[in-house]
Structure formats: C-alpha cells, structure tokens
Amino acid sequence: MIVSLTVILLCQLIGEVIARGFGWPVPGPVLGMLILLAFLSLRSRIGKTVPEFGRALEATGKGLLAHLSLLFIPASVGVVQRLDVLAAHGAGLVVALVVSTFITLVVTVVTFVVVSRLSGSSMDAASKTTAGEEP
C-alpha cells in the first residue's frame with residue numbers, strides 16, 4: 001500500500017512540477033491524474049512482471065475513494081474561515097452555483113442524447129430492456 005500511495009502522490013508531484021514549471025493554467029493534480037492514467041494504461045505490461053502491484057494500486061485507489069469525503073473537510077474549514085467574503089459576495093456565488101449546475105445538467109443531457117443516437121440505442125429500447133421486453 002505504501003508503494004502504490006507513493007506512486008499516486010508522485011504522479012501528483014510531477015503534475016505540479018510540470019504545471020508550475022511551464023506556467024500552465026492547468027492544476028497540477030489534473031496533470032498528475034493524466035500521468036497516472038498513462039501509467040495505468042501501461043499497467044498491463046507492469047502487471048505481468050509484478051502482478052501484486054496492480055492489485056495493490058487498485059486497493060489503494062479504492063481506499064482513497066472510500067474516504068473521499070474526508071478530503072472536503074479542509075475546503076469546508078476554508079469557507080468558514082472566510083465568512084466575510086461569503087457575506088460580501090454570497091448572492092453572486094449562489095447565482096454562479098445555480099447557473100453552472102443548470103448548464104452542467106443541460107450539457108450532460110445533450111451529451112447523453114447525442115451519444116445514444118450515435119450508438120444507435122434509444123430510450124425506448126433501453127426502457128424495454130429494463131422492463132424485460134424484447135426491444
């Protein structure tokens with residue numbers, strides 16, 4: 001578990017170094033996730049030589065995801081520490097959250113409809129399949 005956690009944190013560190021070194025406006029952890037994705041795509045080659053490494057990395061990832069809610073505590077503390085900013089810009093923040101949530105929902109629905117049309121499936125076929133009928 002220590003080795004796989006080190007790999008995850010190392011990918012994040014490399015992402016931070018790249019983002020800050022090149023002055024890119026992309027967060028380092030996002031680049032770290034891309035590096036980890038590239039690393040995991042090569043996992044099949046690594047897994048053949050060290051099969052327990054792939055399982056350990058998966059177990060560590062699942063463990064982090066199981067306790068993901070703990071990572072929101074620092075953000076919540078930051079909000080509480082800056083209640084003055086929240087009071088000054090609260091209405092604007094609420095409008096931004098509502099509008100961005102609505103836009104995200106619309107984009108998600110449009111994406112789903114486009115992908116379902118491109119893949120040849122439809123909502124009727126999906127509902128018939130879940131109901132046990134022939135599509």
Side-chain angles (χ1 to χ4, degrees):
M1 178 164 171
I2 297 296
V3 173
S4 55
L5 187 59
T6 302
V7 168
I8 292 171
L9 292 175
L10 186 64
C11 288
Q12 181 177 354
L13 176 66
I14 293 169
E16 281 289 340
V17 168
I18 291 171
R20 291 183 187 207
F22 289 110
W24 291 347
V26 179
V30 172
L31 290 176
M33 282 193 305
L34 291 174
I35 293 167
L36 184 62
L37 176 65
F39 179 74
L40 290 175
S41 67
L42 299 173
R43 186 172 74 167
S44 62
R45 294 180 189 165
I46 295 169
K48 290 178 183 174
T49 59
V50 187
E52 63 274 356
F53 178 72
R55 288 190 292 272
L57 190 60
E58 182 178 350
T60 302
K62 285 183 180 180
L64 286 172
L65 287 175
H67 302 292
L68 188 63
S69 60
L70 292 175
L71 300 177
F72 290 106
I73 293 173
S76 303
V77 170
V79 168
V80 170
Q81 286 180 339
R82 299 303 309 254
L83 287 177
D84 56 331
V85 174
L86 188 61
H89 304 289
L93 290 171
V94 169
V95 169
L97 285 171
V98 169
V99 169
S100 64
T101 301
F102 178 75
I103 290 171
T104 301
L105 288 172
V106 168
V107 168
T108 302
V109 168
V110 169
T111 303
F112 177 79
V113 168
V114 168
V115 169
S116 67
R117 285 185 182 161
L118 288 175
S119 66
S121 63
S122 67
M123 293 295 289
D124 294 332
S127 64
K128 287 180 183 177
T129 303
T130 57
E133 300 173 14
E134 293 282 331

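Given the structure is predicted, the values throughout are model-derived calculations rather than measurements.
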Minimum-distance pair of heavy atoms, taken over all atoms of Ser116 and Ser119: O-OG, 3.2 Å
Please find the pair of heavy atoms, one from Gly15 and one from Ile35, that lie closest to each other, and give the distance. N-CD1, 4.0 Å
Check whether Met33 and Leu68 end up in the same hydrophobic cluster, where Ile, Leu, Val, Met, Phe, Trp and Tyr are linked by side-chain heavy atoms less than 4.5 Å apart. no
Cluster link Leu37 to Val26, ILVMFWY, side chain under 4.5 Å: no
Just to verify, which of Thr111, Val109, Thr104, Val110 counts as forming a side chain to side chain contact (heavy atoms under 4.5 Å, CB included) with Val107? Thr111
Pairs meeting criterion ring pair (Phe, Tyr, Trp, His ring centres under 6.0 Å) with involvement of residues 57-79, two or more places apart: none
Taking every non-hydrogen atom, the tightest pair across Ala19 and Pro27: CB-C, 4.5 Å
From CD (Glu58) to OG1 (Thr60), nearest 0.5 Å: 10.0 Å
Spell out, yes or no, whether Ile103 and Val95 are grouped together once hydrophobic residues are joined by side-chain heavy atoms under 4.5 Å, including indirect joins. yes
Honestly curious: do Leu31 and Leu10 fall in one hydrophobic cluster under the side-chain, below-4.5 Å linking rule? yes
Give a yes or no on whether Trp24 and Ile14 share a hydrophobic cluster (residues Ile, Leu, Val, Met, Phe, Trp, Tyr; joining criterion: side-chain heavy atoms under 4.5 Å apart). yes
Looking at Ile2, Val7, Leu9, which hits side chain to side chain contact (heavy atoms under 4.5 Å, CB included) with Leu5? Leu9
Taking atom NE2 of His89 and atom CG of Asp84, what is their separation to the nearest 0.5 Å? 9.0 Å
In the hydrophobic clustering that connects Ile, Leu, Val, Met, Phe, Trp and Tyr at side-chain heavy-atom distances below 4.5 Å, which members other than Val77 occupy its cluster, ordered by chain and number? Leu70, Ile73
About how many Å separate OG1 of Thr6 and CG of Leu13, when rounded to the nearest 0.5 Å? 11.5 Å
